[in-house]
2 protein chains.
Amino acid sequence: MSAPARRARRHDPGRRDRLVDTALDVVAEQGVTAATHRAIARAADVPLGSLTYHFASLTELLAAAFTRHVDTVAERFDERMRAAPDRAAALQALAEHLTDDLLGSSRDLVLAVELYVAAARDPALREVTQDWMSRSRRSLERHLDPITAREVDALVEGLVLHSALSTDPMTAAQIHSALTRLAG
Amino acid sequence: MSAPARRARRHDPGRRDRLVDTALDVVAEQGVTAATHRAIARAADVPLGSLTYHFASLTELLAAAFTRHVDTVAERFDERMRAAPDRAAALQALAEHLTDDLLGSSRDLVLAVELYVAAARDPALREVTQDWMSRSRRSLERHLDPITAREVDALVEGLVLHSALSTDPMTAAQIHSALTRLAG
DNA sequence: CGGTCATAGGAACAACCGTACACAACGATT
DNA sequence: AATCGTTGTGTACGGTTGTTCCTATGACCG
């Protein structure tokens with residue numbers, strides 16, 4: 001009998017960080033309702049007690065995970081907006097951001113919807129969505145007036161949800177056409 | 001000691017219907033994650049076993065509830081579209097439908113988002129959202145070309161989600177302006 | 001009027017959950 | 001080397017869940 005995958009991992013610095021990443025993976029792969037202490041612990045290969053040691057509650061862990069995700073996506077998007085020289089280029093970049101980053105990778109699409117789900121239920125997570133929406137709008141306002149930015153933001157949100165729930169998602173061309181029609 | 005709310009309700013025809021309505025109430029008031037067998041049974045004042053007798057699973061009950069709700073909202077909306085004489089009137093009616101029926105009544109707004117949530121998690125419920133989206137689009141196509149109808153549909157979905165999660169929702173005027181800008 | 005069967009009722013079960021907590025093991029500081 | 005405080009671990013608890021199952025009831029039909 002060989003030892004069953006001995007885990008001799010006392011002193012694991014950066015475990016907290018790794019737990020946040022693993023939590024995000026579990027949410028992306030199995031949905032936020034399946035993201036339990038035990039599921040995350042299993043995925044990260046750490047004992048159950050480790051989660052409550054590093055995070056006061058499950059909500060706190062999920063909030064940290066979603067915050068990290070929103071940070072990276074928002075930063076990536078703002079980079080695109082900063083790089084765009086004018087309004088037309090910004091719309092083009094937005095369309096690319098949507099098709100590449102959101103609709104292209106099913107992971108980011110799933111995470112976006114799961115965040116909606118989690119936020120609808122948990123007030124603590126609603127802060128994260130608020131932050132996400134305001135950052136997204138601020139990025140758009142680099143090239144659009146505030147009113148248009150808000151409308152575009154809503155349209156984008158609808159496109160994401162639409163893509164997640166519909167069987168035949170819109171094509172990149174259709175998305176670009178819709179955006180220019182609204183804000184072109 | 002008075003009898004503790006005696007329940008002498010043997011033979012209760014239409015109970016199945018009443019359960020569907022009650023389930024919808026529970027979802028609207030406490031969210032879909034709180035819509036458990038026990039919560040619905042308590043709200044309908046029926047024993048727990050009655051739920052599994054009338055519905056093979058909780059999902060089946062929720063699907064019936066959401067289907068009923070979608071039916072009434074879709075019918076109400078199509079009525080508005082049928083009544084509109086031209087495209088401009090249709091957009092106006094759509095804006096009114098949004099502000100009155102969806103954003104005005106918090107109940108319908110909550111139910112819409114809860115349906116998104118439930119559908120994101122449960123494939124069986126995704127059929128209901130598909131049905132909802134296709135009916136909504138068909139109503140729009142009474143006055144809009146298919147492409148525009150689809151874009152408007154996505155925008156509407158985004159506006160709903162936006163209103164549900166944001167702290168300062170858009171006004172009726174802003175909504176109407178966004179719609180005419182996209183489809184006017 | 002008696003039998004039958006769909007409906008009503010309530011208790012029980014097994015699975016799972018978040019969290020608490022007591023204890024073990026280590027690093028750093030004396 | 002002894003101590004102390006931080007970090008890691010495993011188990012247990014109390015509660016909730018969906019679902020099953022057995023029994024009781026009463027409306028309908030012959």
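Since we're looking at a predicted model, the values are computed, not measured. Here is how names work: the chains are called A, B, and so on, in the same order as the sequence lines, proteins then strands, and each is numbered from 1.
OP1 and OP2 of D:dG8 both lie 4.0 Å or more from every side-chain N or O belonging to A:R16. Between B:R15 and C:dA6 there is no side-chain N or O to OP1 or OP2 distance below 4.0 Å. Distances shorter than 4.0 Å separate none of the side-chain N or O atoms of A:S50 from OP1 or OP2 on D:dG8. Contact check, B:H54 against C:dA8: a side-chain N or O comes under 4.0 Å of OP1 or OP2. In this structure, B:T36 reaches the D:dT17 phosphate: one of its side-chain N or O atoms is under 4.0 Å from OP1 or OP2.
Atom CD of B:E60 is separated from atom C1' of D:dT19 by 14 Å (rounded to the nearest Å). The distance from atom CG of B:L51 to atom P of C:dG10 is 13 Å, rounded to the nearest whole Å. Rounded to whole Å, atom C1' of C:dG18 lies 14 Å from atom CG of A:D122. Rounded to an integer number of Å, the gap from CG of B:L62 to P of D:dG18 is 9 Å. Between the C1' atom of C:dT7 and the CZ atom of B:F55 lies a distance of 14 Å, rounded to the nearest Å. Per the geometry, CD1 belonging to A:I40 stands 13 Å off C1' belonging to C:dC17, to the nearest Å. Rounding to whole angstrom units, CZ of residue A:R42 and P of D:dG10 are separated by 15 Å. For the pair B:H37 NE2 and C:dA14 P, the interatomic distance rounds to 19 Å; values are reported in whole Å.
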Would you mind writing out the side-chain donor-acceptor pairs for residues 106-120 of chain B within the sub-3.5 Å range, not counting sequence neighbours?
unit_1	atom_1	unit_2	atom_2	d
B:R107	NH1	B:D25	OD1	3.0
B:D108	OD2	B:R76	NH2	2.8
B:E114	OE1	B:V32	N	2.9

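Although no hydrogens or angles enter the test, the distance criterion places a donor-acceptor pair under 3.5 Å between the side chain of A:T129 and the main chain of A:R126. In terms of modelled atom types and a separation under 3.5 Å, the side chain of B:R18 and the main chain of B:A44 share a donor-acceptor contact.
Between B:L140 and B:E151, every side-chain heavy-atom pair lies at or beyond the 4.5 Å cut-off.
Residue B:L58 places its side chain closer to D:dT19 than to any other of D:dT19, C:dT19, C:dG9. If you check D:dA27, C:dA8, C:dC17 against the side chain of B:Y53, the one that comes closest is C:dA8.
In the interface, the side chain of B:R38 is paired with the base of D:dG18 through a donor and an acceptor atom under 3.5 Å apart.
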For this session: May I have the step-by-step check of side-chain hydrogen bond (donor to acceptor under 3.5 Å, both in side chains) for B:R181 and A:T148, ending in yes or no?
Result: CA-CA 10 Å; B:R181 211 210 272 213; A:T148 306; 2.9 Å; yes
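Base engagement by A:L48 is indicated by at least one non-hydrogen atom pair under 4.0 Å involving a base atom.
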